[in-house]
**Q** 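Structure incoming, see below.
Numbers restart at 1 for each chain; the letters A, B, ... are given by sequence-line order, proteins then strands. In this text the structure is predicted, and so the values were computed from the model without any measurement.
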Protein chains: 2
Amino acid sequence: MARTQGSHSDITGPRVRAAALRLFAQHGYAAVSMRQIAREVGVQVGALYNYTPDKQALLFSLLKGHMDDLLEEWQAEQRPEAPRARLEAFVRFHIRFNLARPEAIFISYMELRNLTPENFAVIEALRKRYEGALEEILRDGQADGAFSVPDTRLASYALIAMLTGVNTWYRAGGRLSIPEVADIYWDMVRKAVSADMSGNAPR
Amino acid sequence: MARTQGSHSDITGPRVRAAALRLFAQHGYAAVSMRQIAREVGVQVGALYNYTPDKQALLFSLLKGHMDDLLEEWQAEQRPEAPRARLEAFVRFHIRFNLARPEAIFISYMELRNLTPENFAVIEALRKRYEGALEEILRDGQADGAFSVPDTRLASYALIAMLTGVNTWYRAGGRLSIPEVADIYWDMVRKAVSADMSGNAPR
DNA sequence: GCTTGATCTGAACGTATGTTCAGATAGCCT
DNA sequence: AGGCTATCTGAACATACGTTCAGATCAAGC
């Protein structure tokens, strides 16, 4: 029996995306079948093709939507002028944003290689845009003396990796709240990019 | 025709592992078929089962072998007494070791969820052992005043993520040599765990 | 109340999967 | 020289895959 109560496009569409997101994050894109997704939604597999042309487009749509959200929210964020305050805003935003959607973050890092080359290029460009924002902060701070980093490009990679790593261990309800985690990470980031005045100069 | 020249266990076994490592790293465990591995080795698919009881055991064997190498080589490393020198040794070792075997590192992070629960537990225990070594260094340094980190556990997570991230961007033949990369990362790590004397104290 | 059209079912398509195994082959040992 | 046995082939097994589509179903519009 088709079209049982509430089984409309507006309902089923988001549910398909939600089920795919959850399952891709848990088992990986290649390991999840269209039939599993259909079962999770509570429909037959054929019905999925009302909402995506194919499995690949479903993955791409999830990743693209996520990257759009990321860039949009960072644009909407309060971004101070001074590099140091701006870097702090970035650190806190990144941790808060990532911890709010762990599954999307997970597949964004794990499933890139399952995108077709064209789709991969799109996502990669968006990622570069976001990470470029961090490097720009570091360059500005380096220029005006607020920071002292040997290589802004490498430093941006290092900081992104460090911040994104939070998602691998953080569990809601643990001993630290998200703001507390952000405090601790900001402390380390702040020192890592500072001029070194501790007397522990490199060899 | 079986047993053509050079097609012995000693030869084929390692080649099976090498092909599996390469293909798993490139396409992901779930996306690689036993027939692809066999084709890469130059053998029919049935022959693979002389070298592994099943596909899962092949993945586990690769990860287990990798973790054993990691712990063994870190044990064999020169490890100074003083926390600061010891941390520097860890940073340089980690970067050097990881960049020497990017494929093994890649599947060690990406394919954990494709392990059976029993196999996962084994790998996870070994990983904890390795990462515990870093946290111990941080705790020692915190105790004797060499470091100033708000939370040694989180700091160890943060540093591991930062160091492991090198593998995502480093390409041999780029503008920086491995020791130069290690220098730059060590500079950031050193500052991140130092007492803060820059006048940029937290708010 | 009838028609229309979006939505879903149920079944089928060809292909691919991991794994098994009887039989062929060929290097090694006596 | 001839047998042994590790090794590999070739084919088969049952099952699963992504995708398609004719037809059933039901909410909405007239």
**Q** How close or far is atom P of C:dT19 from atom CG of B:Asp54, stated in whole angstroms?
**A** 5 Å
**Q** Does NZ or CZ of B:Arg101 lie under 6.0 Å from the centre of the six-membered ring of B:Phe97, at an angle within 45° of the ring axis?
**A** yes
**Q** Under 4.0 Å from any atom of DNA chain C, heavy atoms only: list the residues of residues 18-32 of chain A that qualify, in numerical order.
**A** none
**Q** To the nearest Å, give me how far apart CG (B:Asn50) and C1' (D:dT9) are.
**A** 11 Å
**Q** By nearest atom, which of the nucleotides C:dG18, D:dA11, C:dC8 is closest to the B:Lys55 side chain?
**A** C:dG18
**Q** Provide, to the nearest angstrom, the distance between the CD atom belonging to B:Gln56 and the C1' atom belonging to C:dT17.
**A** 16 Å
**Q** Expressed in angstrom and rounded to an integer, what is the separation of A:Arg15 atom CZ from C:dC8 atom P?
**A** 10 Å
**Q** Side chain of B:Tyr49, heavy atoms from C-beta onward: which of D:dG18, C:dT17, C:dT20 has the nearest atom to it?
**A** C:dT20
**Q** So for atom CZ, which belongs to A:Arg153, do other residues, nucleotides or ligands contribute more than 12 heavy atoms lying within a distance under 6.0 Å?
**A** no
**Q** Check the phosphate of D:dC17 against A:Ser33, side-chain N and O only, distance under 4.0 Å to OP1 or OP2. Yes or no?
**A** yes
**Q** With a 4.0 Å limit, can you tell me whether A:Thr12 has a side-chain N or O closer than that to the phosphate oxygens OP1/OP2 of C:dT7?
**A** no
**Q** Could you give the CD1-to-P distance, from A:Ile11 to C:dC8, as a whole number of Å?
**A** 10 Å
**Q** Using ring pair (Phe, Tyr, Trp, His ring centres under 6.0 Å), reason through A:Phe90 and A:Tyr130 one step at a time and then give a plain yes or no.
**A** CA-CA 10 Å; A:Phe90 185 93; A:Tyr130 178 68; 5.2 Å; yes
**Q** What nucleotide among C:dT9, C:dT7, D:dT9 has an atom nearest to a side-chain atom of A:Ala47?
**A** C:dT9
**Q** CG of B:Leu48 versus P of D:dA6: gap in Å, rounded?
**A** 19 Å
**Q** Using atom CD of A:Gln44 as one end and atom P of C:dA11 as the other, report the distance to the nearest whole Å.
**A** 9 Å
**Q** May I ask you to check if B:Arg127 and B:Tyr109 form a cation-pi contact, with NZ or CZ under 6.0 angstrom from the six-membered ring centre and within 45° of the axis?
**A** yes
**Q** Tell me the interatomic distance from B:Gln36, atom CD, to C:dG18, atom C1', rounded to whole angstroms.
**A** 13 Å
**Q** Cation over ring, B:Arg79 on B:Trp74, under 6.0 Å and within 45°?
**A** yes
**Q** Apply salt bridge (Lys or Arg N to Asp or Glu O under 4.0 Å) to residues A:Glu111 and B:Arg113 and explain how you reach the verdict.
**A** CA-CA 13 Å; A:Glu111 306 298 352; B:Arg113 63 180 163 186; 2.8 Å; yes
**Q** Are the side chains of A:Val32 and A:Gln26 in touch, meaning some heavy atoms are under 4.5 Å apart?
**A** no
**Q** Answer yes or no: does a side-chain N or O of B:Tyr51 lie under 4.0 Å from OP1 or OP2 of D:dC8?
**A** yes
